[in-house]
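Report on the structure given below.
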Amino acid sequence: MTPAIILDTDFLSAFLKIDRLPLVRDFYGADDLLVPLAVYRELSLTNLLPGLASLPWIQIQAPASAGDLGRLESFASLGQGEREAILLARQYEASLLLMNDNKARREAQRLGLEVVNVPAFLLSCKLEGFVDGEEIRRLVQALREKDRYGFRADILDLLLS
């Protein structure tokens, strides 16, 4: 079963900025990528919305209520997009949450969710032979230039070696 792929704002915007969101969908073999309503609202305040709206395989979904999670200080302290991404991921038996924020990723993992950030995604693409070393270099460079994405030195070495 293909997991539901849910994107948080930071991950989604990074790949929209470099015009490579189809890579995410193709790598995971997903028919659709799910975007929480709050994430869509956050992106609607940027110039990235037209690019997102043009993709027919992006599905905007509002998650169910937070329920008991809303009472957890660690969950409540996250941004609205991060909370909705976590809630949406919890609605699917098999899901993969794509997000970069360390605090939100830790909270999602604590709740038993599988979470991948940009460097882990790129490394998976490389290790699976989905993209070659030259393509990884181009992706890293584009993320640095267009998203100002900062890679840790050890991660950069793994990606570019």
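Just the heavy atoms: all of them, side chains too, but no hydrogens, waters or symmetry mates, feed the values below.
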Donor-acceptor pair, distance only, cut-off 3.5 Å: does the side chain of [X] make one with the backbone of [Y]?
X	Y	answer
Asp8	Asn100	no
Lys146	Asp19	no
Glu42	Gly81	yes
Glu82	Gly79	yes

Do Ile86 and Tyr40 land in one hydrophobic cluster if side-chain heavy atoms of ILVMFWY residues count as linked below 4.5 Å?
no

hydrophobic_cluster_shared for Leu16 and Leu45, side chain cutoff 4.5 Å:
no

Show the numbers, then the answer: is there a side-chain contact (heavy atoms from CB on, under 4.5 Å) between Ser13 and Thr46?
CA-CA 10 Å; Ser13 67; Thr46 74; over 6 Å; no

Does any non-hydrogen side-chain atom of [Y] lie less than 4.5 Å from one of [X]?
X	Y	value
Gln91	Pro63	yes
Leu122	Leu143	yes
Leu97	Glu114	no
Cys125	Phe121	yes
Val118	Met99	no
Phe27	Ser124	yes

Working to the nearest 0.5 angstrom, can you tell me the gap between [X] [atom1] and [Y] [atom2]?
X	Y	atom1	atom2	answer
Leu34	Leu7	CG	CG	8.0 Å
Asp10	Asn117	CG	CG	9.0 Å
Leu159	Leu139	CG	CG	9.5 Å
Ile60	Ser44	CD1	OG	10.0 Å
Phe15	Leu33	CZ	CG	11.0 Å
Arg25	Ile5	CZ	CD1	12.0 Å

Between Gln141 and Arg138, is the side-chain contact (heavy atoms from CB on, under 4.5 Å) condition met? List the steps.
CA-CA 5 Å; Gln141 189 63 30; Arg138 284 193 294 269; 5.8 Å; no

Before you tell me yes or no, could you show the steps for Ile6 and Val39 under side-chain contact (heavy atoms from CB on, under 4.5 Å), namely the whole-Å CA-CA distance, both residues' side-chain angles and the distance that decides it to 0.1 Å?
CA-CA 10 Å; Ile6 294 107; Val39 169; over 6 Å; no

How close do [X] and [Y] get, heavy atom to heavy atom, and via which atoms?
X	Y	result
Ala85	Pro36	CA-CG, 3.5 Å
Ala64	Leu87	O-CD1, 3.8 Å
Leu37	Glu84	N-OE1, 3.4 Å
Arg137	Leu160	NH2-O, 3.1 Å
Val35	Leu88	C-CD2, 4.4 Å
Val24	Phe11	CG2-CE2, 3.9 Å

What orientation do Tyr149 and Phe151 show, parallel under 30°, tilted 30 to 60°, or perpendicular over 60°?
tilted

Pairs satisfying ring pair (Phe, Tyr, Trp, His ring centres under 6.0 Å), at least one member in residues 61-86, at least two apart:
none

Side-chain donor/acceptor pairs under 3.5 Å, residues 51-59, sequence neighbours excluded:
{"from": "Ser54", "atom 1": "OG", "to": "Gly51", "atom 2": "O", "distance (Å)": "2.8"}

For the pair Lys103 and Asp101, find out whether any cationic side-chain nitrogen is under 4.0 Å from an anionic carboxylate oxygen.
no

State whether a side-chain donor-acceptor pair under 3.5 Å links Gln80 with Arg83.
yes

Please identify each residue that fulfils salt bridge (Lys or Arg N to Asp or Glu O under 4.0 Å) with Asp147, with sequence neighbours left out.
Lys17

For Asp157, is the CG atom crowded, meaning more than 12 foreign heavy atoms sit under 6.0 Å from it?
yes

Asp26, CG: over 12 other non-hydrogen atoms inside 6.0 angstrom:
yes

Ring centre gap for Phe130 and Tyr28 strictly below 6.0 Å
no

Please evaluate residues Ser74 and Arg106 with respect to the criterion side-chain contact (heavy atoms from CB on, under 4.5 Å), reporting the C-alpha separation (whole Å), side-chain torsions for both, the decisive distance (0.1 Å), and the verdict.
CA-CA 10 Å; Ser74 57; Arg106 281 191 302 272; over 6 Å; no

